[in-house]
**Q** 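Quick one: structure below, then a few questions.
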Amino acid sequence: MSQKLQNVRVRSAPSPTGDPHVGTAYVSLFNYAFAKNAGGTFILRIEDTDRSRSSKESEEAIMRSLRWLGLEWDEGPDKEGDPGPYRQSERFGIYSKYGQKLLENGSAYRCFCTSERLAALRKTQQAQKRPTGYDGLCRALGEDEIEQKMAQNEPYTIRLKVPAEGETSYEDYIRGTITFRNPEIDDQVLLKSDGFPTYHLANVVDDHLMEISHVIRAEEWITSTPKHVLLYNAFGWEQPAFIHLPLLRNKDKSKISKRKNPVSLDWYREKGYLKEALLNFLALMGWSIGAEREKFTLQEMVTHFSWERAKKSGPVFDLQKLDWLNGEYIRAMSPDELLDRIVEEGYTDYTDVPRRKLLSIMELVQDRMKTLSEFDESIGFFFAREPYDAETLIPKKKDASFTAEVLEALKDTLEGVEDWTTESLEQALQAFCEEGGWKRRDVYMPLRVAITCRRVSTPLFETMEILGKKECLVRFQEAVEKCENKG
RNA sequence: GCCCCCAUCGUCUAGCUCGGCCCAGGACGCCGGAUUCUCAUUCCGGUAACAGGGGUUCAAAUCCCCUUGGGGGUACCA
């Protein structure tokens, strides 16, 4: 397998159906990394030949998502180049012309079989435990029969005439030689009866016209590649190199699917995964940078990219590890940077809060966040008194009267703190515990809940400083009353 | 059913191309501990794998074969 890296042109060719899929990002990432490493061109081509399932919204979502991730293409639907357009629905005329060519040189034939007959055929084949596939009925049609049917306007498809004997093989960069016996390759439909091409024809024609040098796609295409090879041969075209990436898997090892895994790139974005974390994680799913490193940037992947370090086996998509990675990236940023990201990318509603205040809060929550969407959730109590049960005030293994006692005792101390800073508060509270013989945890928990309304919160004294004495005392008083009502 | 791909800790993997340095290394998770006002963070420690069987060889996680397991394909969807 000679890697001719002179003129690398690769493409990501998603179908615009449904939500933008992580698999698209995954395949695009590898195309991108390889192209950029080789100084080549990364193309985005929209494969919308399935008219009923394709949608404009989906196409836009794919482009938006890829751009969000920073996988910018050099040529694509909105970046026209010589071999465009890059949307197959806009190349409609091209395919039938090439289908015609195949008809003329005897590599394809018209098939008038109805879908009903095909379905029945498949059924009996399965029942008889025979391999399924077209039986070649229309291959034997004579010229006059064909003309007659056409005169009667009978709908037909154009099928590839796969050689009855021999075998077809190709070299896969990461899997080596893959061989299929020709009788096992189906006479694939190339042009549907509505005149639209199937994936197979459109794909090969476009890859040729767009001078794609390496076809990098997911493993699920391995079996249809021999059909593509046959097509290149039938046209007399040089074939590109083929590389099949392992499929992303659910926990049960099946192909990743939305029923078993969040699969939409929008979901990851909304949840607040950083693009660098998601990219890094996706890269890890099919490639390793070597040594004992697992954190690396897109740019590092590009510079170190090589197929030797690509893997063949299908990785389970494990959100737990993504969470960890995301946390790593979050912690690696300065509070300032993090806040910028959160504000710019719209993860917070607290946009009219003074930046200085948000920043001081950020310092308290940064280490506690796994995703950006957790920011607002974890700081809500800074801006509003949240409802909570009196029960919540009670420390472990203690009761309501104990809690009331603590709060009562605490009152004077709190009110007496003049300099409402983290340091003085801590000093005052420590002194309070020592003098009164209280255990810290028994004092801090009720206080924490009184101040933050939550048992899990940012560090107490820092939080109190930010809230200010006045607000803290109000909250404290409310807690005391809550306790009294309870008791 | 048939065809194709794959196979190292629960998960992601290094090692396999060029057999010995591997009674298999790292990471996530989990468990335990330290720090600690909660939760996190941070730091220590622990758990856990070469699917099985045959070969080849002085020597195999690494090469070959078989079995098993998993996955994908099998459409006028991509």
Side-chain angles (χ1 to χ4, degrees), chain A residues 13-17 47-50 52-54 111 113-115 118-119 122 125-134 155-159 172 175 178-181 183-186 188-200 202-203 217-226 244 246-247 249 251-255 281 284-285 287-288 290-295 308-309 311-325 327 331 364-370 378 395 426 429-430 433 440-445 447-449 452 454-461 463:
Chain A
S15 285
T17 58
E47 308 228 331
D48 53 355
T49 51
D50 184 340
S52 57
R53 298 202 307 158
S54 300
C111 173
C113 293
T114 61
S115 9
L118 264 17
R122 196 155 41 237
Q125 284 168 335
Q126 276 163 354
Q128 292 171 189
K129 305 195 176 211
R130 308 253 328 130
T132 53
Y134 184 58
Y156 64 88
T157 60
I158 291 177
R159 284 182 185 274
D172 188 298
R175 288 162 211 276
I178 299 179
T179 305
F180 292 79
R181 286 187 294 280
E184 276 147 12
I185 303 172
D186 202 9
Q188 183 63 48
V189 170
L190 302 175
L191 281 162
K192 309 175 202 176
S193 52
D194 63 3
F196 262 68
T198 58
Y199 167 83
H200 307 280
N203 187 263
R217 70 219 322 180
E219 193 181 3
E220 53 192 338
W221 297 105
I222 288 180
T223 2
S224 38
T225 304
H244 291 99
L247 236 24
R249 313 289 187 94
K251 232 177 189 62
D252 64 4
K253 306 267 190 181
S254 57
K255 170 161 111 174
F281 180 65
L284 247 20
M285 299 275 86
W287 185 77
S288 81
E292 272 158 11
R293 271 195 76 191
E294 37 198 345
K295 279 185 70 185
E308 320 237 303
R309 305 206 67 85
K311 1 163 295 163
K312 325 178 192 200
S313 53
V316 171
F317 198 89
D318 178 16
L319 266 314
Q320 273 188 326
K321 188 138 185 179
L322 209 211
D323 281 339
W324 166 75
L325 247 191
R331 275 171 256 124
L364 305 183
V365 295
Q366 181 165 15
D367 282 355
R368 287 157 236 268
M369 289 167 45
K370 289 217 177 311
S378 51
E426 183 157 22
L429 266 294
Q430 279 193 24
C433 289
R440 277 192 216 169
R441 50 184 306 168
D442 292 341
V443 173
Y444 290 0
M445 183 50 78
L447 217 211
R448 156 174 280 100
V449 175
T452 69
R454 289 142 75 144
R455 292 184 76 93
V456 171
S457 76
T458 43
L460 229 202
F461 309 117
T463 303

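Because the structure is predicted, anything quoted here is derived from the model rather than measured. All chains are named by letter (A, B, ...) in the order of the sequence lines, taking the proteins before the strands, and each is independently numbered beginning at 1. Heavy atoms only: backbone and side chains are in, while hydrogens, waters and symmetry mates are out.
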**Q** Going by purine N1 to pyrimidine N3 plus the second Watson-Crick contact, or the G-U wobble pair, all under 3.5 Å, which nucleotide sits opposite B/U74?
**A**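 Looking at the geometry, B/U74 pairs with B/G1.
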**Q** Looking only at heavy atoms, what is the nearest atom pair of A/R448 and A/T458, with distance?
**A**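 That closest heavy-atom pairing would be NH2-O, 3.7 Å.
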**Q** Kindly write out the residues that satisfy side chain to side chain donor-acceptor pair (under 3.5 Å) with A/R440, not counting sequence neighbours, or none if the list is empty.
**A**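 Expected list: none.
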**Q** What does nucleotides 32-47 of chain B look like as a protein-contact string, B for base, S for sugar-phosphate only, - for none, at under 4.0 angstrom between heavy atoms?
**A** -----BBBSSS-----
**Q** In terms of side-chain geometry, is the basic nitrogen of A/D318 or A/K321 positioned less than 4.0 Å from the acidic oxygen of its partner?
**A**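 Judged by the 4.0 Å cut-off on N to carboxylate O distance, A/D318 and A/K321 do not form a salt bridge.
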**Q** So A/R217, base contact, sugar-phosphate only, or nothing? Heavy-atom distance under 4.0 Å.
**A**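 Here A/R217 touches no strand at all.
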**Q** Quick check: are there more than 12 heavy atoms from other residues, nucleotides or ligands sitting under 6.0 Å from CZ of A/R130?
**A**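 Incorrect, the count does not exceed 12.
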**Q** Students often mix this up, so state it plainly: with edges at 30° and 60°, are the rings of A/Y199 and A/W221 parallel, tilted or perpendicular?
**A**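 Rings of A/Y199 and A/W221: parallel, under 30°.
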**Q** Rounded to whole angstroms, how far apart are CD1 on A/I178 and C1' on B/C5?
**A**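 In whole Å, B/C5 C1' lies 7 Å from A/I178 CD1.
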**Q** Quick one: list whatever passes ring pair (Phe, Tyr, Trp, His ring centres under 6.0 Å) with A/Y156, sequence neighbours left out.
**A**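 Residues passing ring pair (Phe, Tyr, Trp, His ring centres under 6.0 Å) with A/Y156: A/F112.
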**Q** Could you give me the CA-CA distance, side-chain angles and deciding distance for A/I178 and A/I222, then say whether side chain to side chain contact (heavy atoms under 4.5 Å, CB included) is met?
**A** CA-CA 9 Å; A/I178 299 179; A/I222 288 180; 4.1 Å; yes
**Q** Nearest to the side chain of A/S313 - B/C3, B/C28, B/C6?
**A**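 Closest of the options to the side chain of A/S313: B/C6.
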**Q** Do nucleotides 65-78 of chain B as a string where each nucleotide becomes B, S or -: B if the base has a protein heavy atom under 4.0 Å, S if just the sugar-phosphate does, - if no protein is that close.
**A** -----SSBSSSBBB
**Q** Between the protein and nucleotides 60-64 of chain B, which nitrogen or oxygen pairs are less than 3.5 angstrom apart?
**A**
none

**Q** By the 4.0 Å heavy-atom rule, please label A/K321 as base, sugar-phosphate, or nothing.
**A**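 It contacts base atoms.
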**Q** Got a sec, which residues hit salt bridge (charged side-chain N to carboxylate O under 4.0 Å, His left out) with A/R454, two or more places apart in sequence or on another chain?
**A**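 Salt bridge (charged side-chain N to carboxylate O under 4.0 Å, His left out) list for A/R454, sorted by chain: A/E386.
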**Q** For the residue pair A/P16 and A/E47, what are the closest heavy atoms and their distance?
**A**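 Here A/P16 and A/E47 meet closest at CD-O, 3.5 Å.
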